[in-house]
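Notes to accompany the following structure.
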Amino acid sequence: MTVMRSAGAALALGIALVGCGDDGSGASGGTGGLGGAGGDGAGGSAIDVGGQGGGAEACPVGLESCGDACVATTVDPAHCGGCDVACGAEEVCQNGACAFECVGGATDCNGSCVSTSTDPANCGGCGIPCGPEEVCQNGTCTFSCVGGAKDCGGACVSTSTDPANCGGCGNVCGPEQVCQNGSCAFICVGGTTDCGGACIEIGTDPANCGGCGNACGPEEVCQNGTCTFTCVGGATDCGGACVDVGTDPANCGGCGNACDPEEVCQDGTCTFTCVGGATDCGGACVDVMNDPNHCGGCGGVCALGEICNAGVCDLVCTGGSLECNGACTNTNTDPANCGGCGNACAAGEICSNGACDLQCTGGSTECNGACVNTSNDSSNCGGCGTPCPSGQVCSNGACDLQCTGGTTECNGLCVNPSLDTSNCGGCGTVCSAGQICNNGNCDLVCTGGTSECGNACVDLDNDPDNCGGCGTTCADDEACVNGACQDLAVVCHDIGYNQCPTGATSFCVPPPLDPTSSAQAKIACEACYGAPCYLETADCAGPGWGPNPAGAYECGDAYFGYTTGCSGDDGRVWYICSSYTTYGHWGK
């Protein structure tokens with residue numbers, strides 16, 4: 001999120017004079033700590049930071065001792081950049097330097113250039129202070145900082161971008177420097193914009209949304225440089241900024257998980273270099289072929305309503321790709337949008353044919369977490385990270401001006417419409433999940449022990465319409481159990497373990513087996529233990545009660561739980577004994 005001032009700004013208008021005791025004719029300033037009572041002599045200050053005359057204590061982080069006052073030299077026009085360095089009558093103080101106007105979205109509050117989005121003394125506007133226990137975030141007083149922001153003197157700031165707290169509270173960059181990724185530098189890079197010394201991604205920053213100083217409302221978030229009410233397309237709301245936690249170095253893998261200054265963020269993990277053809281744009285490893293904030297190169301922001309398609313801002317996705325968060329995405333290969341927008345694969349998985357998996361199949365190659373065909377992928381032509389020049393396509397692993405060998409150009413890719421599941425039979429014809437492209441037709445491929453019956457994959461062991469074989473239908477009063485139609489009245493099930501004191505190995509209930517059924521769980525428990533069983537009302541592994549008060553288990557008690565009332569993927573039953581407790585599963 002964007003920040004301009006922080007610890008110093010917390011005292012912005014009164015900043016100039018936080019008393020440090022007195023050496024006047026009255027009693028000394030005393031030895032009280034920050035906020036302690038000042039001396040009661042004529043020179044004593046109303047706010048004392050440990051009197052200098054009686055054992056001085058250091059000024060708070062972000063403030064500097066000037067005479068008998070602790071001041072914020074980053075914004076104080078009477079001590080701008082150093083003690084007693086006063087700005088002219090028409091000047092203001094910003095980043096420790098005098099100027100004629102505040103820039104980068106900062107507001108002139110009595111000569112001090114402050115960020116009203118973070119300054120607790122001017123929260124939302126000049127002279128609007130937050131309460132003693134509150135902090136200021138996005139121009140609103142609240143009780144805690146969220147979205148990865150850090151409390152620096154009452155201001156919720158991003159230590160990745162705040163030049164007054166760069167890398168940590170009180171770490172001030174020089175007058176000519178900016179703060180980027182927690183380090184002071186002399187210029188913003190990677191497509192970020194200098195907003196008052198902070199290197200800002202104006203596509204996502206709610207305090208500078210689309211441009212420096214363009215703040216979103218209290219209930220709004222910033223996405224693609226536009227204020228809106230919700231993040232879409234798989235983006236995550238981190239303190240009002242709609243970010244891709246897969247690439248954002250300030251929120252890498254989750255809000256507030258910041259990478260080190262020398263690291264970049266790729267696939268939600270901090271690392272030292274971008275791989276697989278991704279480009280380092282301000283610490284984010286992005287695909288400039290489809291990122292709307294870096295379209296065609298770092299900082300190439302597409303206009304409102306546009307998407308990034310093959311490195312060019314456009315109004316519509318083509319070639320079978322889908323619009324996800326402003327980017328044209330191939331959901332067959334994108335690990336952040338695998339099979340659909342926002343469906344992210346787990347760490348270590350890749351996206352192959354719209355499904356998360358541990359390895360690439362069908363002759364594809366893993367490039368940056370995506371399974372791609374290096375024979376036709378213009379971003380990885382012939383190998384990972386080998387992009388074709390603008391205007392060329394990738395055909396048989398080589399960049400060319402036209403597709404050859406019976407392939408067809410679809411959205412910059414040379415594809416075989418006889419085999420390509422994203423362009424089956426023609427550009428943009430996408431096969432459904434579980435289907436393959438066979439001679440230009442989408443065909444079903446059944447997995448996991450299922451069989452194809454008609455146009456569906458079914459389990460012949462329990463499908464009453466295809467029981468034991470396609471088209472074998474059970475009667476209305478029958479159920480399909482293990483591939484055979486059985487009387488609906490009673491079906492017996494294995495209890496799932498062999499520790500039952502009764503020696504029971506099964507329980508019988510009307511089919512089908514319902515793992516969410518409290519009644520069936522009770523039958524299973526009592527069949528096993530031969531004793532009344534009581535419903536565990538808390539988590540199955542935690543303290544509970546049946547015939548006794550909460551947590552008061554007694555020897556001889558038996559308990560049961562079921563899917564909606566237990567942790568885990570099935571129900572559990574257990575029996576309390578004086579020397580041991582037996583646990584088992586039912587409904588597996």
Side-chain angles (χ1 to χ4, degrees), residues 1-20 33-36 47-50 52 56-85 93-97 104 106 109 112-123 130 132-137 144-145 148-186 195-200 207 239 250 256 258 260-261:
M1 78 180 289
T2 306
V3 286
M4 293 287 304
R5 295 279 66 80
S6 55
L11 306 172
L13 298 183
I15 26 182
L17 300 171
V18 177
C20 295
L34 175 62
I47 303 176
D48 190 21
V49 187
Q52 291 186 355
E57 293 188 12
C59 289
V61 173
L63 303 182
E64 184 176 346
S65 176
C66 291
D68 57 359
C70 292
V71 302
T73 57
T74 53
V75 294
D76 189 343
H79 304 277
C80 193
C83 295
D84 300 323
V85 180
C93 182
Q94 185 167 18
N95 287 354
C109 288
S112 298
C113 293
V114 301
S115 170
T116 56
S117 67
T118 60
D119 188 347
N122 304 277
C123 192
C130 293
E133 302 297 320
E134 293 181 316
V135 291
C136 182
Q137 185 163 26
S144 61
C145 299
K150 189 171 183 179
D151 177 3
C152 290
C156 293
V157 304
S158 168
T159 55
S160 294
T161 58
D162 189 348
N165 303 278
C166 193
C169 293
N171 295 334
V172 183
C173 294
E176 301 298 321
Q177 292 182 315
V178 292
C179 181
Q180 185 161 33
N181 293 343
S183 296
C184 295
F186 287 97
C195 290
C199 292
I200 299 302
D260 291 336

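Quick caveat: nothing in here was measured; it's all calculated off a predicted structure.
When the SG-SG distance for C83 and C66 is compared with the 2.5 Å cut-off, it comes out below that value.
One finds the OG atom of S112 at 9.0 Å from the CG atom of D119 (value rounded to the nearest 0.5 Å). Atom OG of S115 is separated from atom CD of Q94 by 10.0 Å, given to the nearest 0.5 angstrom. With values rounded to the nearest 0.5 angstrom, E64 atom CD is found 4.5 Å from T73 atom OG1. A distance of 9.0 Å separates CG in N95 from SG in C80, rounded to the nearest 0.5 Å.
By the side chain to side chain contact (heavy atoms under 4.5 Å, CB included) test, V135 is found to be paired with T142, C145, D151, C156, residues two or more places apart in sequence or in another chain being considered. By the side chain to side chain contact (heavy atoms under 4.5 Å, CB included) test, C130 is found to be paired with P120, C123, E134, C136, C141, residues two or more places apart in sequence or in another chain being considered.
Applying the side chain to side chain contact (heavy atoms under 4.5 Å, CB included) test between C179 and each of C199, C173, S158 identifies C173 as the sole match.
In this structure, T161 contributes its side chain and I200 its backbone to no donor-acceptor pair below 3.5 Å. Of the possible polar contacts, one joining the H79 side chain to the D84 backbone as a donor-acceptor pair under 3.5 Å is found.
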